[in-house]
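Before any comments, here is the structure.
What's counted below: heavy atoms across the whole structure, side chains too, no hydrogens, waters or symmetry copies. Note that the numbering runs from 1 along the sequence shown for the chain.
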Amino acid sequence: MFEKSILVTGGAGFIGSNFIPWFARKYPQYQIVNLDKLTYAGNLANLAECESLHNYEFIQGDIVNRNLLEELFTSRNINGVIHFAAESHVDNSIAQPAAFIETNLVGTFTLLDVARQFWLQRPGKAKSEFASCRFHHVSTDEVYGSLGPTGLFKETSPYAPNSPYSASKAGADFLLRAWHHTYGLNVTTSNAANNYGPHQHSEKLIPKIVSNCLRRQPIPIYGHGNNVRDWLYVMDHCKAIDLIFHKGTSGQTYNIGAHNERTNLQVAQTICRILDQRCPWHQGPFSKLITFVPDRPGHDLRYALDTTKLQQELAWYPEENFQSGLEKTIDWILSHYKKV
């Protein structure tokens with residue numbers, strides 16, 4: 001008999017597939033139910049190590065499917081949710097926004113409403129057996145919009161999403177807020193910086209740069225490469241989520257960043273230098289592959305987060321700096337890269 005049954009959505013994706021093996025081993029008293037639609041971004045191979053774990057179960061399904069969610073909450077007696085499931089690639093959201101609205105907005109609504117129905121007796125009153133249940137929503141720093149060359153986003157910063165992706169995540173964040181204030185649902189939200197690390201899909205910036213270097217193909221960098229992002233190693237993010245889920249204050253939002261601000265061009269140049277050492281190219285430095293391409297529509301200039309709240313309330317600090325995390329990431333990609 002498990003102490004808790006935790007539903008993790010999108011657990012076969014990048015962050016979820018780093019989180020679940022670590023979380024399941026840390027809390028053997030929890031049953032971990034991984035619900036994933038297995039779109040192009042989900043890969044069960046990333047969770048192969050979980051197959052032998054007694055407290056792990058995978059279910060393929062869509063968070064928009066209310067009947068499935070109601071059956072899961074009932075049959076697995078779900079008393080906690082950690083919600084990763086999302087469409088997250090900005091370029092795809094520009095080309096095909098409907099999928100982002102469906103998954104990120106409608107899916108989050110459906111999940112929240114099933115949790116409300118299952119856990120609450122009435123608004124403001126939890127059923128006695130579900131008094132400690134919590135719903136944690138994993139969101140993004142992109143909901144705040146774009147910063148100038150200085151300053152940091154705080155949890156109190158106004159929302160100003162500029163892409164279909166960030167707008168869909170902002171809408172989901174507001175649903176969490178509404179379900180907390182209207183119904184009294186125990187929720188927390190985290191807005192995280194750009195993640196990187198093992199298992200990340202090849203469409204994302206860092207694995208794409210590494211892959212293109214290994215294939216000797218041009219490295220496309222938008223505009224002049226001056227867009228700035230804060231880079232958060234994925235396991236640092238996972239540990240912050242664990243802290244917020246267990247110890248964060250209900251109804252609160254927490255920013256998760258690592259103060260590793262780099263321009264996209266700096267990221268590409270750093271990766272090229274590491275690869276020059278790991279696997280030298282006889283034609284010269286990999287940086288010669290860097291190619292500037294027309295900028296993305298509505299491309300935000302800079303994101304950066306103030307993490308004071310998370311540090312002061314929950315004593316969280318990142319363990320990796322950008323160089324150490326990037327070296328681990330590149331070594332993982334190299335060990336899994338299939339030559340073409």
Does a donor on one side chain sit under 3.5 Å from an acceptor on the other, for His137 and Thr189? no
Side chains of Glu313 and Tyr254, donor plus acceptor under 3.5 Å: yes
Under a 4.5 Å side-chain heavy-atom rule over Ile, Leu, Val, Met, Phe, Trp and Tyr, are Phe292 and Ile209 clustered together? yes
If we only count heavy atoms from C-beta on, is the Glu129 to Asn79 side-chain gap below 4.5 Å?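 No; the side chains remain at least 4.5 Å from each other.
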OG (Ser166) and CG (Asp141) are apart, to the nearest 0.5 Å, by 10.0 Å
Using the side-chain hydrogen bond (donor to acceptor under 3.5 Å, both in side chains) definition, which of the options Asp91, Asn227, Asp295 pairs with Tyr222? Asp91
Applying side-chain contact (heavy atoms from CB on, under 4.5 Å), run through Tyr183 and Leu120 and close with a yes or a no. CA-CA 8 Å; Tyr183 302 111; Leu120 300 186; 3.9 Å; yes
More than 12 heavy atoms of other groups within 6.0 Å of Gln117 CD: yes
If you take all heavy atoms of Leu289 and Asn212, which pair is closest and at what distance? CD1-O, 4.1 Å
Closest contact, heavy atoms only, Asp173 versus Ser139: OD1-OG, 2.8 Å
Students often mix this up, so state it plainly: with edges at 30° and 60°, are the rings of Phe23 and Tyr30 parallel, tilted or perpendicular? tilted
Do the ring planes of Trp119 and Phe73 sit parallel (below 30°), tilted (30 to 60°) or perpendicular (above 60°)?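 Aromatic pair Trp119/Phe73 classed tilted.
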Apply salt bridge (charged side-chain N to carboxylate O under 4.0 Å, His left out) to Glu155 and list each qualifying residue two or more places apart in sequence or on a separate chain. none
State which residues pass salt bridge (charged side-chain N to carboxylate O under 4.0 Å, His left out) with Arg302; sequence neighbours excluded, sorted by chain then number. Glu261
Test your reading of the model: is there a side-chain donor-acceptor pair from Ser5 to the backbone of Ile78, 3.5 Å cut-off?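 Checked: no pair found.
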Indicate yes or no for a side-chain donor-acceptor contact from Asn104 to the backbone of Glu87 under 3.5 Å, with no hydrogens or angles considered. yes
Taking only residues two or more places apart in sequence, or in another chain, which ones meet His136 in a side-chain hydrogen bond (donor to acceptor under 3.5 Å, both in side chains)?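 With sequence neighbours excluded, His136 shows a side-chain hydrogen bond (donor to acceptor under 3.5 Å, both in side chains) to Thr188, Ser190, given in chain and number order.
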